[in-house]
Amino acid sequence: MADRRLNNLLKKVKAQGVAMRALNDAQLQAETPKLKAQLKNGKTLEQILPEAYAAICEADRRVLGKYPYDVQIYGAIAMDLGALAEMNTGEGKTLTATMPLYLNALTGKSTILVTANEYLAYRDAEEMRPVFAFMGLDQRAGVSQTPGEFLTNDQKRENYKADILYTTHSVLAFDYLLNNLVMRAEDRFLRDFYFIIIDEADSVLLDGAQMPLVISGAPRVQSNLYQMADFFVSTLKADLDYETEDKAVWLTERGVKYAERFFGIRGFYAREHFELNRHVTLALRAHVLFERQNDYMVSDQDEIVLLDNSTGRSLPGMKLRGGEHQALEQKEHVPLTQEQRSVASITYQNLFLMFPKMCGMSGTIADARKELRTVYHKKVVVVPPHKKLQRIDQKDQYFVTAEEQYQAALEETLRHHRTGQPVLIVTATIQDTQIFSRMLVRESVPHSVLNADNAYWEAEIIAAAGMRGAVTVSTGMAGRGTDIKLEPGVQALGGLAVIGVGRMENVRLERQARGRAGRQGDPGSSQFFVSLEDEIVTTMNGEKVEAYIDGSRRISPGRLKRLIDGAQKTMEEQGVSTREQSVRYDEILRRQREILYAARDRLLDKGDIDPRMMRGIIRDNLTAFVKAHPRLTPHELSRYVLDNLTYELDPAVIQIDGHGRKDQQRLLKRMEAYAARLYEQKAAGFSKADQLQAYTRQCLLNALDDGWVEEVDYLQQLQYAITTRGTAQRNPIFEYSREAYQSFEAMKATMKQNIARNFFLGDPQIGDDGKMTIIFP
Ligand code: ADP
Ligand code: MG
């Protein structure tokens with residue numbers, strides 16, 4: 001994106017701004033219908049951009065008392081042209097978003113802003129609503145004020161109908177999946193996607209996009225394999241029976257042999273042992289990769305509660321997928337919860353790629369340039385700050401042990417604190433907030449700790465972190481999106497001092513932490529204290545660093561730095577590759593999802609279902625059945641009829657003359673005629689044609705959904721199984737795509753069978769209100 005193009009547009013916006021200022025309120029408000037009309041008459045968005053931006057800027061001034069700075073207009077234009085804009089914390093991204101949102105909403109198509117959490121979505125929606133209302137546009141929040149409260153489909157429909165919607169990425173993803181699970185056309189609530197701005201874009205597109213979003217439903221039959229697998233795994237020897245590397249763990253050859261002896265089977269990886277294999281993998285992961293108090297904790301109610309390691313939040317209600325949760329429960333010997341099936345799933349990457357126009361903004365996104373270009377085909381535009389950055393970023397201090405590191409960080413904290421300067425300590429993990437907090441208590445320094453699970457409460461505390469004498473200890477992401485304003489007088493003390501404790505998972509998180517200070521040209525400082533005992537260093541380097549830490553070996557400053565910084569680099573690369581993997585796996589699922597959702601849409605929307613289609617399906621089923629049974633017995637045939645066509649078998653049709661080709665064809669003809677007769681009988685049971693239609697449609701939908709749920713669930717498990725099979729010769733993605741293709745074909749055949757079975761054996765009951773309920777076989 002050429003700067004020239006951005007600067008030219010910026011100039012035009014400013015030129016129009018003069019004219020806008022001269023308008024009275026009514027004239028300004030008349031801009032909305034006027035611009036809409038221009039679009040109708042064939043003008044492009046870029047052509048009306050200057051006038052539209054100037055209008056909304058003027059509205060921002062009149063309604064909110066803030067006129068966007070040039071850099072904000074510049075960032076807004078960059079987003080409108082499809083870029084990801086990097087704008088520092090405190091630069092005013094919320095106000096910036098009003099411009100592209102206003103312009104794109106003029107098209108009447110769906111215009112959405114998503115951000116990292118419900119608190120931010122609700123807050124920003126409330127704050128900006130008056131401006132849009134002033135300009136005659138309906139803006140809403142897609143989340144409720146009470147966190148976790150569910151909206152009804154009707155409420156959702158109203159929200160998505162609004163000109164502009166503020167919501168979160170996860171609510172949007174859930175809604176997308178749910179919208180494709182409705183049983184009637186009129187229950188859908190989404191509009192076609194058009195324009196989206198992603199606020200806190202790195203958090204949403206990168207940190208939050210490691211795992212696909214999954215909707216769970218119908219419980220799976222509980223298996224007793226968890227216990228067996230757990231016991232088996234507890235007898236394994238590390239490094240001999242299994243190996244682990246980079247958050248993956250697998251059985252060695254010796255381990256596999258042992259498993260085969262242990263369970264008395266051959267071919268541990270054979271298809272028929274898929275379930276056993278899966279459970280062993282799950283148990284192994286639970287034992288080796290999940291650490292109590294770090295990745296999860298066991299609550300007083302004997303429940304496994306997951307912890308978000310980067311924010312330290314507990315994630316109540318969140319469950320690991322694919323049986324991993326049950327494996328953890330088994331490991332901790334708490335009662336197993338029901339294992340839920342995955343009903344629908346999508347990655348955020350694929351969700352956002354469905355928007356014809358997508359852009360985003362964040363304080364720290366330029367570091368991920370390359371990944372964002374390959375995955376999202378997006379460019380990053382770095383927007384200069386409104387006022388020059390005054391913050392002084394001190395060089396990182398490197399230590400061997402955590403003890404020295406903490407002591408130094410504490411001394412630095414006290415040094416700032418003594419002068420009354422506010423200090424924000426940002427740690428890499430939750431445990432570290434607690435350790436640091438205890439050290440502060442020992443020094444009798446009053447402070448607040450932020451590692452809670454409540455974004456509302458966090459925002460309040462973090463907002464106060466700029467008060468004179470305030471000391472706040474927080475995890476990396478806690479309170480994100482909330483601006484720390486300095487109390488008057490604090491500027492003279494040097495502004496906010498950010499003390500980073502521990503190397504973080506990636507550079508972005510550290511920049512985010514530093515960015516808490518020095519907003520809008522404020523003074524401020526930042527400094528990181530890191531050591532070999534930082535979590536990512538020990539996870540990445542393991543025993544390599546032990547001798548240095550216990551003092552039995554000396555380390556040079558150069559090597560110290562390389563080890564610590566290298567760990568972060570490896571971690572970052574790992575994150576990139578996990579996301580790449582996740583995208584590639586979902587790519588395969590995406591194709592299937594598109595076919596299925598399109599078929600579903602046709603079913604919901606299209607008028608009548610052609611009876612010929614049903615006849616075709618019935619014929620296909622019968623042909624497949626006859627083909628699959630070259631030596632068909634009368635017993636098999638009656639079984640088939642009873643299972644698929646009718647409960648009242650006509651003995652006359654159960655007649656097998658022989659097994660030649662001719663005999664088969666004759667049998668097929670006879671069965672087809674029989675099925676046609678049964679079809680007519682069933683149809684005659686409906687007094688009205690539209691009832692038959694409704695019945696048929698439900699039979700189709702039910703079979704489609706059942707088949708698809710199975711498929712999604714299977715693929716989810718397959719992914720797990722395949723990625724952990726990890727031996728050198730295999731190409732997991734290739735294997736996955738081959739098996740996924742086969743299971744999709746199998747799913748289609750099963751669906752056809754179930755459609756016919758539903759139709760013939762389903763029991764429609766029509767109530768007094770004319771509504772039909774169907775009991776499916
Ligand atoms: P960001 O999301 O970029 O971190 P916010 O949108 O939270 O920043 O804005 C930070 C603060 O700056 C808010 O208090 C906001 O009202 C203020 N602000 C933003 N833009 C302007 C402006 N053009 N004029 C005056 N104040 C502004
Ligand atoms: Mg913000």
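Whatever order the structure lists ligands and atoms in, that order sets their numbers, starting from 1.
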_Sidechain N-carboxylate O distance under 4.0 Å for K109, D192_ =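 No, no charged N to carboxylate O under 4.0 Å.
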*Would you call D202 and R480 a salt bridge, taking side-chain N to carboxylate O under 4.0 Å as the test?*
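Answer for the salt bridge query: yes.
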*In terms of ring plane angle, is the pair F352 and F355 parallel, tilted or perpendicular, where the classes change at 30° and 60°?*
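Rings of F352 and F355: tilted, 30 to 60°.
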*Taking only residues two or more places apart in sequence, or in another chain, which ones meet H386 in a ring-ring contact (aromatic ring centres under 6.0 Å, His included)?*
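Here the qualifying residues are Y69.
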*Show the protein residues that qualify under the rule heavy atom under 4.0 Å from an atom of ligand 1, listing them in chain and number order.*
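Within 4.0 Å of ligand 1, the protein residues are K66, Y67, P68, Y69, Q72, N88, T89, G90, E91, G92, K93, T94, L95, D483, K485, R519, Q520.
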*Apply side-chain hydrogen bond (donor to acceptor under 3.5 Å, both in side chains) to R21 and list each qualifying residue two or more places apart in sequence or on a separate chain.*
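None.
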Side-chain donor-acceptor pairs of residues 128-142 under 3.5 Å, sequence neighbours excluded:
from : atom 1 : to   : atom 2 : distance (Å)
R129 : NE     : Q139 : O      : 3.0
R129 : NE     : Q139 : OE1    : 2.8
R129 : NH1    : E126 : OE2    : 2.9
R129 : NH2    : Q139 : OE1    : 3.4
D138 : OD2    : R140 : NE     : 3.4
Q139 : NE2    : A125 : O      : 3.0

